[in-house]
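Scope of the values below: all heavy atoms of this structure, side chains included, with no hydrogens, waters or symmetry mates.
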Amino acid sequence: MTPVLEIAGLRKQFGGIVVANDVNLAIKKDEVVGLIGPNGAGKTSLFNIVSGLIPHDAGTVILNGQPIERLSMHARARLGLTRTWQNIRLFPSLSVLDNLIVAPRYYPGESILRAAFSPGRLRDQRKKITERAYNQLEKVRLVDAATRFPTELSYGKQKLVSIARALMNDGDCLLLDEPIAGVEGAAYEALKNVIRSEAKLGRAICIVEHNISFVRDLCDRVLFMFNGKILNSGTMDELMARDDLAGLYFGSET
């Protein structure tokens, strides 16, 4: 099966710090891959490079067979690559619902000509997008917060809004950067179910997360990253059973 996302020989250096050191990975349709490692390992930097936030020095990034490493961030999103952020990045002046409505790959209102000459079609598309937004909020159990502003919600609920917004992009590749941070209780279990169901729908999903139990429960495969390089892969239990990797992860030799 052709990978949805394929990275080969990816390298990025800031001065004397190498944040991506010949990174190679491939994620298939229906697969959930975990990316773990200590702080500073390069996990978020890898997401930043793949999503187009920062340029790479060498290597290739291929999405559904198409090289995208020279495309802008929004062009990659239009092709179906979407991500979440550690620091959330919601629009504080928009309601929770409107934060989702503006997130699809093709937002009908962004074309002035379409708005001017096809108002009826625009209304129909807006209605469909609104219905879809409510569906995503239902998945993360936040329908009752649709008309509120993000700043009125707890940090954990804002994280859930950011994930629901990412799901509005119906593309094939989803990158989740610490999705469970600040999320507890029933919302924690709901989020696991959401990720599982999105994978079953055909998405390729990569998760950066420090919660070992969360990664163990969800991921088909886990990659261990350190100093910008992927050192090994396997299940979470296999990786943590290795004294050298556990020592790097927890900051001490075991």
Side-chain angles (χ1 to χ4, degrees), residues 4-5 29-30 47 50-53 63-64 66 68 71-177 179 183 186-187 190-191 193-206:
V4 172
L5 179 67
K29 181 180 179 181
D30 308 330
F47 274 16
V50 172
S51 62
L53 180 64
L63 181 68
N64 285 324
Q66 178 179 344
I68 63 170
L71 297 181
S72 66
M73 195 172 188
H74 73 268
R76 299 183 199 202
R78 282 197 186 277
L79 289 175
L81 176 67
T82 188
R83 67 167 294 181
T84 62
W85 308 83
Q86 287 183 21
N87 58 353
I88 305 178
R89 299 194 182 191
L90 297 174
F91 298 112
S93 61
L94 297 181
S95 70
V96 166
L97 181 64
D98 285 339
N99 264 275
L100 270 64
I101 287 174
V102 299
R105 282 196 275 175
Y106 297 99
Y107 179 66
E110 66 189 28
S111 169
I112 296 176
L113 291 177
R114 190 180 303 157
F117 295 104
S118 303
R121 183 182 178 188
L122 188 65
R123 283 193 297 270
D124 290 342
Q125 291 176 325
R126 168 86 181 198
K127 182 179 179 181
K128 291 178 180 178
I129 290 173
T130 301
E131 290 173 352
R132 186 158 173 243
Y134 272 112
N135 288 336
Q136 303 303 339
L137 289 176
E138 185 174 5
K139 289 180 183 179
V140 297
R141 303 183 180 184
L142 283 178
V143 171
D144 59 345
T147 59
R148 298 176 67 184
F149 292 102
T151 51
E152 298 174 343
L153 305 180
S154 67
Y155 179 81
K157 288 184 177 181
Q158 289 183 51
K159 292 282 287 195
L160 293 176
V161 174
S162 73
I163 290 166
R165 182 177 65 178
L167 297 180
M168 291 295 291
N169 183 320
D170 59 356
D172 295 328
C173 188
L174 181 60
L175 309 179
L176 301 176
D177 198 352
V183 179
L191 182 53
N193 292 333
V194 167
I195 294 173
R196 288 192 186 103
S197 65
E198 292 300 318
K200 289 179 180 179
L201 291 173
R203 291 190 198 253
I205 302 174
C206 187

Trainee: Say you draw a straight line from CG of Asp98 to OG1 of Thr130; how long is it, rounded to the nearest 0.5 Å?
Mentor: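 Spacing of CG (Asp98) from OG1 (Thr130) equals 8.0 Å.
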
Trainee: Can you see which heavy atom on Gly156 is nearest to which on Val183, and at what distance?
Mentor: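 Closest approach of Gly156 to Val183: O-CG2, 3.6 Å.
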
Trainee: Counting C-beta onward and ignoring hydrogens, is there a side-chain heavy-atom pair between Leu81 and Cys173 closer than 4.5 Å?
Mentor: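 Of all side-chain heavy-atom pairs linking Cys173 with Leu81, at least one is under 4.5 Å.
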
Trainee: Does any donor atom in the side chain of Lys128 or Gln125 lie under 3.5 Å from an acceptor atom in the other side chain?
Mentor: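 No.
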
Trainee: My understanding is that only residues two or more places apart in sequence, or in another chain, count here; which of them pass salt bridge (Lys or Arg N to Asp or Glu O under 4.0 Å) with Asp172?
Mentor: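 So Asp172 forms no salt bridge (Lys or Arg N to Asp or Glu O under 4.0 Å) with any residue.
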
Trainee: Any donor-acceptor pair under 3.5 Å linking the side chain of Arg203 with the backbone of Gly171?
Mentor: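 Yes, Arg203 side chain to Gly171 backbone: donor-acceptor pair under 3.5 Å.
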
Trainee: Is a donor from one side chain sitting under 3.5 angstrom from an acceptor on the other, for Arg132 and Asn135?
Mentor: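 No donor-acceptor contact under 3.5 Å links the two side chains.
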
Trainee: Does a side-chain heavy-atom distance below 4.5 Å link Leu5 with Cys206?
Mentor: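 No; the side chains remain at least 4.5 Å from each other.
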
Trainee: Is there a side-chain contact between Gln86 and Phe47, using heavy atoms and a 4.5 Å cut-off?
Mentor: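 No, side chains not in contact.
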
Trainee: Does atom NZ of Lys157 have more than 12 heavy-atom neighbours, drawn from other residues, nucleotides or ligands, at distances under 6.0 Å?
Mentor: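 Counting other residues, nucleotides and ligands, NZ of Lys157 stays at 12 neighbours or fewer.
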
Trainee: Say whether, by atom type as modelled, one donor and one acceptor occur between the side chain of Glu138 and the main chain of Val143 under 3.5 angstrom.
Mentor: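 Not at all, since once roles are kept as given, no pair shorter than 3.5 Å links the two residues.
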
Trainee: I need the minimum non-hydrogen distance between Leu71 and Arg76, along with the two atoms involved.
Mentor: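 Where Leu71 meets Arg76 most closely, the heavy atoms are O-NE, 3.0 Å.
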
Trainee: Between Thr82 and Leu174 (side chain of the first, backbone of the second, donor and acceptor by atom type, cut-off under 3.5 Å), is there such a pair?
Mentor: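 The answer is no, because no donor-acceptor pair under 3.5 Å joins these two groups.
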
Trainee: How long is the straight-line distance from CZ of Arg83 back to CG of Asn169, given to the nearest 0.5 Å?
Mentor: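 Rounded to the nearest 0.5 Å, the CG-CZ separation comes to 13.5 Å.
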
Trainee: Do Leu63 and Val4 have side-chain heavy atoms sitting under 4.5 Å apart?
Mentor: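 Yes - at least one pair of side-chain heavy atoms lies under 4.5 Å apart.
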
Trainee: Could you tell me the separation between the OG1 atom of Thr147 and the CD atom of Glu152, rounded to the nearest 0.5 Å?
Mentor: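 One gets 8.5 Å once the value is rounded to the nearest 0.5 Å.
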
Trainee: Is any side-chain heavy atom of Ser51 closer than 4.5 Å to a side-chain heavy atom of Met73?
Mentor: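 Yes, their side chains come closer than 4.5 Å.
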
Trainee: Which atoms form the tightest heavy-atom contact between Ile88 and Lys159, and what is the distance?
Mentor: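 Between these two residues, the closest heavy atoms are CG1-CD, 3.8 Å.
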
Trainee: For Gln158 and Leu153, work out which heavy atoms get closest and say how close.
Mentor: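 Smallest interatomic distance, heavy atoms only, reads NE2-O, 3.1 Å.
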
Trainee: Name all residues meeting the side-chain contact (heavy atoms from CB on, under 4.5 Å) criterion together with Thr151; count only those two or more places apart in sequence or in a different chain, and write none if there are none.
Mentor: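 Expected list: Pro92, Phe149.
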
Trainee: Where is the tightest heavy-atom contact between Ala190 and Arg141, given as atom of each residue plus distance?
Mentor: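 So the two residues come closest at CB-NE, 3.7 Å.
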
Trainee: A side-chain contact here means heavy atoms from C-beta on lying under 4.5 Å apart; do Ser162 and Leu90 qualify?
Mentor: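 Yes. Closest side-chain heavy atoms under 4.5 Å.
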
Trainee: Less than 4.5 Å apart, any side-chain heavy atom of Val194 and any of Leu167?
Mentor: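 Val194 vs Leu167: side chains touch.
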
Trainee: Testing the basics here: between Leu137 and Ala146, what is the closest heavy-atom pair and its distance to 0.1 Å?
Mentor: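 The pair with the smallest heavy-atom distance is CD1-CB, 3.9 Å.
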
Trainee: Could you check Leu160, Ile205, Ile163 and say which one makes a side-chain contact (heavy atoms from CB on, under 4.5 Å) with Pro179?
Mentor: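 Single pass found, and it is Ile163.
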
Trainee: Mind checking salt bridge (Lys or Arg N to Asp or Glu O under 4.0 Å) for Asp30 and listing every partner two or more places apart, or none if nothing turns up?
Mentor: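 By the salt bridge (Lys or Arg N to Asp or Glu O under 4.0 Å) rule, Asp30 matches no residue at all.
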
Trainee: Between CD of Glu131 and CD1 of Ile101, what distance do you get to the nearest 0.5 Å?
Mentor: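 Answer rounded to 0.5 Å: 11.0 Å.
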
Trainee: Taking the side chain as C-beta and beyond, is there a heavy-atom pair between Glu198 and Leu201 under 4.5 Å?
Mentor: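 In contact.
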
